[in-house]
Amino acid sequence: MNAEEFRARLVLELRGEGIYDDRLLEAIERVPRDMFVPRPFQHQAWDNVALPIDCGQTISQPAVVARMTQALELDERMKVLEIGTGSGYQTSILSYLCRRVYTIERHRELLQQAESRLEALRRRNVTARLGDGSKGWPEQAPFERILVTAAAIDIPPRLSAQLSVGGVMVVPIGDDPENQRIVRVRRQEDGLDIDDLGPVKFVPLVSDRAAEPLSG
Ligand code: SAH
């Protein structure tokens, strides 16, 4: 199989799994996942599997990237916050589907690698920074969409507070890796609407809550 055939096979597989958003499928076909996958796993770069990256983290399975991105209901005018840059793969997909992406990663090494890939791909509408994403990015809030790509124990209150009214956050919830759910949170005038979008498996969202209380 050549590169185009690998890409086409992945898109076909995602369609079969219920991904119908054509802009999203185009972005998946366009973003070279092989650039985000470490050398020893190159032969699996276009397989529908999660793979290890540095710092004990993972690049998510394309089916999970697709499900979560589709659930965000993006349009090209939106400002999006992403927590957990990781390899930068999901960031890159988002950058094709909205106006601007703000992304936060807690591992410096991953952030630097992701930034140089995004630069090489000329993703000019991405701003990345190092830090604890569970605190969000207050200087840039509110966001119309928030995507969390690490599992939180509960809906992170500072993130839902940084959603605009009508805004949507997609976040994996659950402390037991065998029992996590993708949750979609929609902010209303008077509270949050919550949908369960099914099971998933993510590395944990690591936050330094103990060091900085919510009220601080
Ligand atoms: N979306 C990524 C997958 C990331 S794996 C990709 O496409 O490659 C989850 C990432 O979240 C890891 O890189 C991890 O370091 C990061 N992470 C975990 N807790 C975090 C936090 N509190 N703030 C920012 N990043 C966090």
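Numbering of ligands and ligand atoms starts at 1, following listing order.
Residue-to-ligand polar distances place Asp132 within reach of ligand 1: an N/O pair is separated by less than 3.5 Å. The shortest N/O to N/O separation between Ile59 and ligand 1 does not fall below 3.5 Å. Between Ala150 and ligand 1, no pair of N/O atoms sits closer than 3.5 Å. Between Gly84 and ligand 1, at least one N/O pair is under 3.5 Å apart.
A donor and an acceptor atom, one from each side chain of Asp34 and Gln42, are nowhere located under 3.5 Å apart. Side-chain N/O atoms of Glu82 and Thr103 include a donor and acceptor closer than 3.5 Å. Donor-acceptor pairing under 3.5 Å is recorded for the side chains of Arg100 and Thr127.
Residue Gly131 holds the heavy atom nearest to atom 24 (C) of ligand 1 of all those in Gly136, Gly131, Ser134.
Residues Asp47 and Arg9 are paired through a salt bridge, judged by an N-O separation under 4.0 Å between the basic side chain and the carboxylate. Between Glu115 and Arg123 no salt bridge is recorded (no basic side-chain N to carboxylate O distance below 4.0 Å). Between Asp195 and Arg184, at least one side-chain nitrogen of the basic residue sits less than 4.0 Å from a carboxylate oxygen of the acidic one, meeting the salt-bridge criterion. With respect to the salt-bridge test (charged N to carboxylate O, under 4.0 angstrom), the residues Asp21 and Arg23 do not qualify.
Listed by atom number, the atoms of ligand 1 under 4.0 Å from His107 heavy atoms are 15 (O). Annotation for ligand 1: atoms under 4.0 Å from non-hydrogen atoms of Ser87 are 6 (C), 7 (O), 8 (O).
Closest to atom 14 (C) of ligand 1, if we only count protein heavy atoms, is Gln57 OE1, 3.3 Å. When only non-hydrogen protein atoms are considered, atom 20 (C) of ligand 1 lies nearest to Arg106 CD, 3.3 Å. Closest to atom 3 (C) of ligand 1 among all protein heavy atoms lies Thr58 O, 3.2 Å. The shortest contact between atom 15 (O) of ligand 1 and any protein heavy atom is with Glu105 OE2, 2.6 Å. Summary of contacts: the protein heavy atom closest to atom 18 (C) of ligand 1 is Pro204 O, 3.6 Å.
The shell of residues lying under 4.0 angstrom from ligand 1, judged by heavy atoms, excludes Cys55. Heavy atoms of Thr91 come nearer than 4.0 angstrom to ligand 1 in no pair at all.
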